[in-house]
Amino acid sequence: MIVFYLKSKIHRAKVTYSNVDYEGSLGIDEELMKEAGMKEYERVEVYNVTNGERFATYLIKEPSGSRKVGVYGAAAHKAREGDIIIITSYCHLTEDEVDFHVPRVLLLDENNRIKLTKN
């Protein structure tokens, strides 16, 4: 059997920019993406703590060290500058892999700096 599990999470990222007139995606500081084990064009689920919206999109890189989290295209209707969001990616695991899997979790501060890493 194959099961669907949390692979990684960026918790409480602050949206720094949104632009509806852009091909849809979610831009994340490349440094944060690497620390979370996320890749460009990977599908992610986004949970908006500020307004309760949820949506799926894919990742694009923002400049490393910029602390930028940008929401683009149609998703910009669901998250605005200043909103707090949770970004998650998932993976498929076999039942044998589940016992050894530990997701990578980044907890961010109000400036999109890593406060704590769990894995």
Side-chain angles (χ1 to χ4, degrees):
M1 180 185 301
I2 302 293
V3 291
F4 200 47
Y5 267 76
L6 179 68
K7 182 186 98 170
S8 54
K9 175 171 88 164
I10 299 175
H11 190 73
R12 297 190 64 82
K14 183 186 277 186
V15 176
T16 59
Y17 183 78
S18 67
N19 180 357
V20 74
D21 295 319
Y22 185 89
E23 288 185 36
S25 55
L26 179 70
I28 300 177
D29 178 325
E30 184 177 8
E31 183 180 313
L32 293 175
M33 285 176 58
K34 285 181 183 176
E35 284 295 321
M38 295 176 176
K39 302 284 187 187
E40 190 166 36
Y41 306 115
E42 183 174 353
R43 179 194 166 118
V44 293
E45 300 286 329
V46 180
Y47 311 118
N48 190 324
V49 175
T50 303
N51 67 19
E53 292 282 357
R54 292 172 169 244
F55 58 94
T57 189
Y58 63 92
L59 296 176
I60 60 172
K61 293 178 187 174
E62 296 290 0
S64 185
S66 68
R67 305 293 175 238
K68 189 172 181 183
V69 175
V71 183
Y72 303 109
H77 292 287
K78 297 187 176 281
R80 304 271 183 209
E81 185 175 330
D83 284 0
I84 302 299
I85 61 174
I86 299 167
I87 304 153
T88 58
S89 66
Y90 296 87
C91 61
H92 291 96
L93 301 173
T94 65
E95 287 186 10
D96 292 336
E97 293 171 317
V98 169
D99 291 335
F100 303 101
H101 174 70
V102 179
R104 179 89 167 162
V105 177
L106 304 182
L107 305 177
L108 303 186
D109 70 10
E110 63 278 354
N111 296 308
N112 290 337
R113 290 190 193 102
I114 300 169
K115 284 193 317 188
L116 182 65
T117 301
K118 297 180 179 181
N119 62 336

Answer whether the closest heavy-atom distance between the side chains of [X] and [Y] falls below 4.5 Å.
X: Glu30; Y: Glu40; answer: no
X: Leu107; Y: Val105; answer: yes
X: Val49; Y: Arg12; answer: yes
X: Cys91; Y: His101; answer: yes
X: His77; Y: Val20; answer: yes

What heavy-atom pair brings [X] and [Y] nearest, and what distance separates the two atoms?
X: Arg80; Y: Ser18; result: CA-OG, 4.0 Å
X: Ala56; Y: Glu45; result: CB-OE2, 3.6 Å
X: Phe55; Y: Thr57; result: CE1-CG2, 4.1 Å
X: Ala36; Y: Ile10; result: CB-CG1, 3.8 Å
X: Val44; Y: Ser89; result: CG1-CB, 4.3 Å
X: Ala13; Y: Ile87; result: CB-CD1, 4.1 Å

Only distances under 3.5 Å count here; give the side-chain donor-acceptor pairs of residues 112-119 to other protein atoms, sequence neighbours excluded, each with its distance to 0.1 Å.
{"unit_1": "Asn112", "atom_1": "OD1", "unit_2": "Lys14", "atom_2": "N", "d": "2.7"}
{"unit_1": "Asn112", "atom_1": "ND2", "unit_2": "Lys14", "atom_2": "O", "d": "2.9"}
{"unit_1": "Asn112", "atom_1": "ND2", "unit_2": "Arg67", "atom_2": "O", "d": "2.9"}

Are [X] and [Y] grouped together when hydrophobic residues (ILVMFWY) are joined by side-chain heavy atoms under 4.5 angstrom apart?
X: Ile84; Y: Val69; value: no
X: Ile2; Y: Phe100; value: no
X: Tyr22; Y: Tyr41; value: yes
X: Leu93; Y: Met1; value: yes

From [atom1] ([X]) to [atom2] ([Y]), nearest 0.5 Å:
X: Ser64; Y: Ile28; atom1: OG; atom2: CD1; value: 13.0 Å
X: Lys61; Y: Lys39; atom1: NZ; atom2: NZ; value: 8.0 Å
X: Asp29; Y: Lys34; atom1: CG; atom2: NZ; value: 10.0 Å
X: Arg43; Y: Leu26; atom1: CZ; atom2: CG; value: 13.0 Å
X: Tyr90; Y: Lys9; atom1: OH; atom2: NZ; value: 8.5 Å
X: Leu108; Y: His11; atom1: CG; atom2: NE2; value: 9.0 Å

Verdict with supporting geometry, Glu62 and Met33, side chain to side chain contact (heavy atoms under 4.5 Å, CB included): CA-CA 9 Å; Glu62 296 290 0; Met33 285 176 58; over 6 Å; no
Aromatic ring pairing Tyr17/Tyr72, orientation class (parallel under 30°, perpendicular over 60°, tilted between):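 Because their plane-to-plane angle lies in the 30° to 60° range, the rings of Tyr17 and Tyr72 count as tilted.
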Asn51 side-chain N/O to Lys78 backbone N/O, donor-acceptor pair under 3.5 Å: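 Side chain of Asn51 to backbone of Lys78: a pair is present.
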